[in-house]
Amino acid sequence: MIQERGSSVSLTAQRAVTRALQVLMLLIFAVGVSYGNSGVAVNAAVGLLVTLLPAVIERRYEFTMHVGIVLWITVAMFLHALGTLPLPGLDFLSAYTAVWWWDHMTHALSSSLVAGAAYAVTRTFQVRTANINMPPKFMFAYLLLFVMAFGVLWELLEFYISVAARVFGTAEVLTQYGLDDTVLDLCYNTLGGLLVAAFGTAHLTGLSADLAERLEGRSPNR
């Protein structure tokens with residue numbers, strides 16, 4: 001189990017913010033359902049479920065994730081869900097369409113989560129086995145390439161969901177706004193991965209070590 005560091009006040013505050021954001025996502029989901037807006041409802045529901053995964057992992061595997069990382073995940077999911085909510089007085093435009101930097105912010109934040117998860121998992125296996133050895137420079141390049149590849153797959157997913165929505169006449173849960181938007185999304189995805197590769201890996205080392213210890217404890221051969 002991860003030993004959380006920091007003052008009890010800061011940890012309590014982070015937990016309170018996490019719970020408040022989860023409640024707000026539940027309200028966003030309710031708004032989407034009440035107004036028949038499937039895009040808002042689906043994005044809020046998926047985001048809320050993602051934020052609940054750490055609690056599920058804790059109950060299932062007795063592994064407690066640091067509250068700061070849970071807050072990181074929750075903020076990313078909340079901002080995405082909030083961005084799909086129609087803004088009053090703007091002809092039902094959402095933050096994604098009315099605020100030019102919103103999409104860039106959420107892409108950078110979401111890609112930082114992808115990079116963080118990739119680092120934690122890769123570092124876990126690196127700690128557990130001598131067959132995997134990634135020097136810092138190689139890890140840096142690996143994280144960037146991983147995030148860029150994931151970003152391309154996500155853009156393809158957005159494109160085909162938009163195509164399917166037009167073909168079947170359903171609401172677009174994810175929307176692609178053209179080639180320029182795709183290129184910018186990929187750039188900000190890379191920025192998020194770059195920030196984690198350059199500055200965030202030190203904060204994820206403890207998580208990787210705890211994951212490795214947990215796997216060692218559950219391994220039948222050890």
Residues Glu158, Thr182; criterion side chain to side chain contact (heavy atoms under 4.5 Å, CB included); working and verdict: CA-CA 10 Å; Glu158 282 188 347; Thr182 298; 6.0 Å; no

Crowding at CE, Met148 (>12 non-hydrogen neighbours, <6.0 Å):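 Open: at most 12 neighbouring heavy atoms sit under 6.0 Å from CE of Met148.
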
First locate atom [atom1] of [X], then atom [atom2] of [Y], and finally report the distance between them rounded to the nearest 0.5 Å.
| X | Y | atom1 | atom2 | result |
| --- | --- | --- | --- | --- |
| Phe150 | Glu155 | CZ | CD | 11.0 Å |
| Leu82 | Asn43 | CG | CG | 11.5 Å |
| Leu191 | Ser111 | CG | OG | 7.0 Å |
| His107 | Trp154 | NE2 | CH2 | 8.0 Å |
| Ile73 | Leu109 | CD1 | CG | 10.5 Å |
| Ile69 | Leu113 | CD1 | CG | 10.0 Å |

side-chain contact (heavy atoms from CB on, under 4.5 Å) partner of Ile28, chosen from Leu48, Val33, Val40: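 Answer after filtering Leu48, Val33, Val40: Val40.
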
hydrophobic_cluster_shared for [Y] and [X], side chain cutoff 4.5 Å:
| X | Y | value |
| --- | --- | --- |
| Ile161 | Leu186 | no |
| Phe146 | Leu153 | no |
| Leu145 | Val196 | no |
| Leu144 | Leu184 | no |

Backbone of Tyr119 reached by a side-chain donor or acceptor of Thr122 within 3.5 Å: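 Side chain of Thr122 to backbone of Tyr119, a donor-acceptor pair under 3.5 Å: no, none is there.
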
Side-chain (Ser94) to main-chain (Gly83) donor-acceptor, under 3.5 angstrom: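 The answer is yes, because a donor-acceptor pair under 3.5 Å joins these two groups.
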
Plane angle bin for Tyr142 and Phe138 - parallel if under 30°, tilted between 30 and 60°, otherwise perpendicular: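 The arrangement is parallel - the two ring planes meet at less than 30°.
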
Does any non-hydrogen side-chain atom of [Y] lie less than 4.5 Å from one of [X]?
| X | Y | result |
| --- | --- | --- |
| Val75 | Leu21 | yes |
| Thr74 | Trp72 | no |
| Gln14 | Val70 | no |
| Val147 | Thr190 | no |
| Val67 | Leu71 | no |
| Leu194 | Phe140 | yes |

Which pair of non-hydrogen atoms, one from [X] and one from [Y], has the smallest distance, and what is that distance?
| X | Y | result |
| --- | --- | --- |
| Met25 | Ala81 | CG-CB, 4.2 Å |
| Trp102 | Ala95 | CB-O, 3.5 Å |
| Ala98 | Leu87 | CB-CD1, 4.1 Å |

Steps toward side chain to side chain contact (heavy atoms under 4.5 Å, CB included) verdict (Leu195, Ser112): CA-CA 7 Å; Leu195 291 174; Ser112 72; 5.9 Å; no

Thr106 side chain to Tyr188 side chain, donor-acceptor N/O pair below 3.5 angstrom: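 Judged by distance alone, the side chains do not pair up.
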
Listed partners of Trp100 passing side chain to side chain contact (heavy atoms under 4.5 Å, CB included), at least two apart: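 In terms of side chain to side chain contact (heavy atoms under 4.5 Å, CB included), with neighbours along the sequence ignored, Trp100 is linked to His104.
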
Set of side chain to side chain contact (heavy atoms under 4.5 Å, CB included) partners for Phe159, sequence neighbours left out: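 Here the qualifying residues are Val163, Gln176.
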
